[in-house]
Amino acid sequence: MILELDCGNSFIKWRVISVDGAQRLLAGVVDSDAALFDSLAAAPELRVSRCRLVSVRSDAETEQLVARLRESLGVDAVCAQSASQVGVVHNGYEDFRRLGLDRWLAVLGAYHLGQRACLVVDLGTAVTADFVSASGMHLGGFICPGLPLMRDQLSTHTRRIRYDRQVALAALQELEPGRSTAEAVERGCVLMLRGFVAEQLLQAQARFPEGFEVFLTGGDAGLVQDVVPGAQVVPDLVFVGLAIACPLS
Ligand SMILES: Nc1ncnc2c1ncn2[C@@H]1O[C@H](COP(=O)(O)OP(=O)(O)O)[C@@H](O)[C@H]1O
Ligand SMILES: CC(C)(COP(=O)(O)O)[C@@H](O)C(=O)NCCC(=O)O
Ligand SMILES: [K+]
């Protein structure tokens with residue numbers, strides 16, 4: 001079995017696949033290393049022989065996780081590294097090492113699945129949009145705060161924006177003008193995300209008149225899905241790219 005990890009700024013997405021990559025056996029989302037090891041310990045008949053991961057966390061945090069994986073599972077995790085090119089896909093950053101590895105893998109995964117120009121939007125702690133041309137040139141992208149950051153900044157920098165988490169979840173049942181603080185903030189922030197995605201779509205239409213695929217991924221992809229009716233929502237997009245960047249021969 002292969003254990004795959006996508007370590008974002010807020011959550012670790014993990015999954016276990018068969019060695020030939022054909023079957024997805026287990027999967028989960030956890031908010032800490034400790035919770036990851038608890039989930040793995042509770043998994044029935046887990047026999048991990050290989051591990052690969054991508055992390056946008058600090059090198060120290062990533063090294064600590066790799067060490068714990070070695071201790072508890074006896075595997076040496078292969079970590080995705082920055083590259084200026086993988087196959088025909090070229091990294092478009094001035095310094096390719098500065099492009100977030102999750103973005104790079106999502107770009108690789110999207111181009112692999114789409115085989116033509118792509119717009120890739122990843123909605124997590126931060127929201128990122130990346131453009132890839134039909135020939136595989138990554139043209140760069142945009143970064144803005146994601147839903148958790150927008151909502152936290154509002155409560156941190158105001159005195160009276162306060163409401164509880166349960167109320168927040170209920171507020172997103174619809175997007176009518178809010179009639180409570182929770183509704184006004186939650187819906188306002190979701191409309192920011194939706195407006196961002198709509199703008200990226202316009203940019204892709206102008207940049208790729210010959211047509212393009214839109215890929216949405218990340219924990220909040222569902223909140224913007226209907227802004228782009230033809231979009232493919234691929235929760236595992238980073239893992240698709242991880243398998244390409246880190247083949248386990
Ligand atoms: N089941 C879930 N578990 C955790 N976060 C979720 C879930 N469903 C939606 N979300 C949303 O997804 C966001 C995290 O997305 P994710 O792509 O995991 O972020 P990151 O990669 O930055 O850690 C959360 O802030 C939350 O708004
Ligand atoms: C933009 C990000 C913070 C997104 O992280 P996430 O929301 O997935 O946790 C991450 O890709 C990152 O740290 N990037 C480095 C900066 C850059 O891509 O230019
Ligand atoms: K993201």
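The model shown is predicted, which means the values in this text are computed figures rather than measured ones. Just so you know, ligand 1 is whichever comes first in the structure, and atom 1 is the first atom listed for that ligand.
With sequence neighbours excluded, the residues satisfying side-chain hydrogen bond (donor to acceptor under 3.5 Å, both in side chains) with E213 are R116, Q232.
Numbered from 1 in the order shown, with element, the atoms of ligand 1 that lie under 4.0 Å from a heavy atom of G8 read 20 (P), 21 (O), 23 (O). Listed by number with element, the atoms of ligand 1 under 4.0 angstrom from any heavy atom of P148 are 25 (O). Ligand-side atoms of ligand 2 in range of R103: 11 (O), 17 (C), 18 (O), 19 (O), range being under 4.0 angstrom from any heavy atom. Taking a cut-off of under 4.0 Å to the non-hydrogen atoms of G218, the atoms of ligand 1 that pass are 17 (O). For ligand 1, the atoms closer than 4.0 angstrom to any heavy atom of T125 are 19 (O), 20 (P), 22 (O), 23 (O).
Nearest to atom 18 (O) of ligand 1 among the protein's heavy atoms is K13 NZ, 2.8 Å. Ranking the protein heavy atoms by distance from atom 5 (O) of ligand 2 puts N9 ND2, 3.2 Å first. Residue, atom and distance of the protein heavy atom nearest to atom 7 (C) of ligand 1 are G219 O, 4.8 Å. Among protein heavy atoms, the minimum distance from atom 4 (C) of ligand 2 is reached at D102 OD2, 3.7 Å. Considering only non-hydrogen protein atoms, atom 19 (O) of ligand 1 sits nearest to G124 CA, 3.4 Å. The protein atom (non-hydrogen) at minimum distance from atom 16 (C) of ligand 2 is R98 O, 3.5 Å. When only non-hydrogen protein atoms are considered, atom 13 (C) of ligand 1 lies nearest to D220 OD2, 3.7 Å. If you check which protein heavy atom lies closest to atom 13 (O) of ligand 2, you get V56 CB, 4.3 Å. Protein heavy atom closest to atom 14 (N) of ligand 2, with residue, atom name and distance, is G100 CA, 3.3 Å. The protein heavy atom nearest to atom 4 (C) of ligand 1 is F11 CZ, 3.5 Å. At the shortest separation from atom 3 (N) of ligand 1 among protein heavy atoms lies V29 CG1, 4.1 Å. Scanning the protein for heavy atoms near atom 1 (C) of ligand 2, the closest one is T128 CG2, 3.7 Å.
The closest approach between a heavy atom of D122 and any atom of ligand 2 is not below 4.0 Å. Under the 4.0 angstrom criterion for non-hydrogen atoms, L147 is not in contact with ligand 1.
Inter-residue side-chain proximity for R194 and D226 is flagged as met; some heavy-atom pair is nearer than 4.5 Å.
At least one N/O-N/O distance between A126 and ligand 2 falls below 3.5 Å. On a distance-only criterion, S10 and ligand 1 share at least one N/O pair closer than 3.5 Å. Below 3.5 Å of separation, one finds no N or O of L101 facing any N or O of ligand 2.
Taking the six-membered ring where tryptophan is involved, the planes of F208 and F131 are tilted, since the angle between them lies from 30° to 60°.
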*Take T156 and Q153 through the side chain to side chain donor-acceptor pair (under 3.5 Å) test and state the conclusion after the steps.*
CA-CA 5 Å; T156 302; Q153 283 298 91; 4.6 Å; no
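Atom 26 (C) of ligand 1 is approached by the protein to below 4.0 angstrom, counting heavy atoms only. Under the 4.0 angstrom criterion, atom 11 (C) of ligand 1 counts as having a protein heavy-atom contact. Within the 4.0 angstrom cut-off, atom 1 (N) of ligand 1 has no protein heavy-atom neighbours.
Within 6.0 Å of CZ on R165 lie more than 12 heavy atoms contributed by other residues, nucleotides or ligands. Around CG of D95, the count of heavy atoms belonging to other residues, nucleotides or ligands within 6.0 Å exceeds 12.
There is no path of hydrophobic side-chain contacts, each under 4.5 Å, that joins V214 to V107.
Under 3.4 Å from the K ion (ligand 3) lies an N/O/S atom of D122, whether from backbone or side chain. Look at G218 and the K ion (ligand 3): no N/O/S atom of the residue is under 3.4 Å from the metal.
For atom 19 (O) of ligand 2, the choice among Y93, F142, F11 with the nearest heavy atom turns out to be Y93.
Applying side-chain contact (heavy atoms from CB on, under 4.5 Å) to L216 and the options L237, V224, V234 leaves one that passes, V224. Among L119, V233, V197, the one residue that satisfies the side-chain contact (heavy atoms from CB on, under 4.5 Å) test with V228 is V197.
In this structure, R52 and P247 approach most closely via the heavy-atom pair NH1-CA, 4.2 Å.
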